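Below: one structure, written as C-alpha cells.
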Amino acid sequence: MKFEDKNIPNHVNEYNFKKLKLKFLEKDEIKIFSSLCQDGIFSIDEVIFNKSEKILIATFSRFCWEFFDKNPKNKIFYRVVSGIRICNVIDIKYMNKDKIDTSKFINLLSVDFNNNKITFNFSSDFTIKLLVEKIEIFLDDLDMPWPTVKKPMHK
C-alpha cells in the first residue's frame, strides 16, 4: 500500500507505514501483542474498565518496533497513538496502584497470560490483572506515527 496523502512526511513514507489493526484470540498470540505494545507509554487515567460491557479500553503511545527492525542504524524512531480493547473481562485487579502518581506516565514492560488472566506489567512495579472468559484483544493504531530521537533502553 502506498500513501496517497500528500500531507504525510517523506520520512514516514519511506517505511510504507500501515496502521496496525489486529485481533488476538489465542494464548500464543499474547506474546506478539506484548512485543508490539512493549515500551508503550500509558496514562493510568486513560485505562477504562466498563464492567457492564465487560470491556477494558486504553489509549497509549506505542513505540514502533516494526520500523526499528527495518533500519536499526537510523537515529530517528517512531511512536504512534494506539488503542487497545479487551473484551470478555470478568474482573480487574490493580497491584500497587497507590504507588502511581496519576499525573505521570507509566511504561508497559510486558503482557502475560496464565490461568485466564491477562497481566499487564508496568514500570514502578504496577500491574493490572484481567480475569477473562476468553481471549479477545484488539490493537489499533489511531493516527500516523511521529518521529522521536528517543529509543527505549533495556537492561
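Note that the structure is predicted; figures quoted are calculated from it, not measured. Hydrogens, waters and symmetry mates are skipped; everything else that's a heavy atom, side chains included, is used.
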Please report the closest heavy-atom contact between P152 and W65, naming both atoms and the distance.
CG-CZ2, 4.1 Å
Do the side chains of E133 and K54 get nearer than 4.5 Å, heavy atoms only?
yes
Could you see if V47 belongs to whatever hydrophobic cluster contains F24? Use Ile, Leu, Val, Met, Phe, Trp, Tyr and a side-chain cutoff under 4.5 Å.
yes
Counting N and O atoms only, with roles assigned by atom type, does the side chain of N96 sit under 3.5 Å from a partner on the main chain of D125, one being a donor and the other an acceptor?
yes
Smallest separation among heavy atoms of F60 and I84, with atom names
CE2-CG2, 3.7 Å
Is there a side-chain contact between V149 and F77 (heavy atoms, below 4.5 Å)?
no
For the backbone of S34 and the side chain of Q38, can you confirm whether one donor and one acceptor N or O come within less than 3.5 Å of each other?
no
Group every Ile, Leu, Val, Met, Phe, Trp and Tyr by side-chain heavy-atom contacts under 4.5 Å, then state whether L108 and L20 land in the same group.
yes
Are I55 and I128 connected, step by step, through hydrophobic side chains (Ile, Leu, Val, Met, Phe, Trp, Tyr) whose heavy atoms are closer than 4.5 Å?
no
What's the spacing between C87 SG and N50 CG if we round to 0.5 Å?
11.0 Å
Are the side chains of I135 and F113 in touch, meaning some heavy atoms are under 4.5 Å apart?
yes
Those residues that, when tested against N107, pass side chain to side chain donor-acceptor pair (under 3.5 Å) (two or more places apart):
none
Working for side-chain contact (heavy atoms from CB on, under 4.5 Å), residues N121 and V111
CA-CA 6 Å; N121 301 297; V111 181; over 6 Å; no
Taking salt bridge (charged side-chain N to carboxylate O under 4.0 Å, His left out) as the criterion, tell me which of D143, D141, D140 meets it with R62.
D141
Min side-chain heavy-atom separation I86-F120 under 4.5 Å:
yes
Treat each ILVMFWY residue as a node, draw an edge where side-chain heavy atoms are under 4.5 Å apart, and state whether F105 and F126 are in one component.
no
If we only count heavy atoms from C-beta on, is the F33 to L22 side-chain gap below 4.5 Å?
no
Between F42 and T59 the two heavy atoms that sit nearest each other are CD2-O, 4.3 Å
Is the backbone of E26 close enough, under 3.5 Å, to the side chain of E29 for a donor and an acceptor to pair up by distance?
yes
Smallest heavy-atom separation, L142 atom then K19 atom, equals O-NZ, 4.0 Å
Working to the nearest 0.5 angstrom, can you tell me the gap between N114 CG and K27 NZ?
6.0 Å
Measure the CD1-OG distance between I30 and S110 for me, rounded to the nearest 0.5 Å.
11.5 Å
Mark yes when over 12 heavy atoms from residues, nucleotides or ligands other than K31 sit less than 6.0 Å from its NZ; otherwise mark no.
no
Stacked cation flag R79 on F63, 6.0 angstrom / 45 deg:
no
Could you tell me the separation between the CG atom of N88 and the CG atom of L130, rounded to the nearest 0.5 Å?
11.0 Å
Out of curiosity, does I44 fall in the hydrophobic cluster containing F122 (side-chain heavy atoms, cut-off under 4.5 Å, transitive links)?
yes
Can you name the residues that form a salt bridge (Lys or Arg N to Asp or Glu O under 4.0 Å) with K93, not counting sequence neighbours?
D91
Mind checking the NZ-CD1 spacing from K117 to I90? Nearest 0.5 Å is all I need.
10.5 Å
Rounded to the nearest 0.5 Å, what's the gap from CD1 on I76 to NZ on K151? Could you check?
15.5 Å
Can you find a heavy atom in the side chain of V81 that is under 4.5 Å from one in the side chain of S61?
no
Does L56 reach the side chain of I92, with side-chain heavy atoms less than 4.5 Å apart?
yes
Quick one: do D112 and T119 satisfy side chain to side chain donor-acceptor pair (under 3.5 Å)? Show the steps, please.
CA-CA 5 Å; D112 303 309; T119 304; 5.7 Å; no
Quick one: are V89 and F49 in side-chain contact, heavy atoms under 4.5 Å?
yes
Please give me the minimum heavy-atom distance between V132 and I118, naming the atom from each residue.
CG1-CD1, 3.9 Å
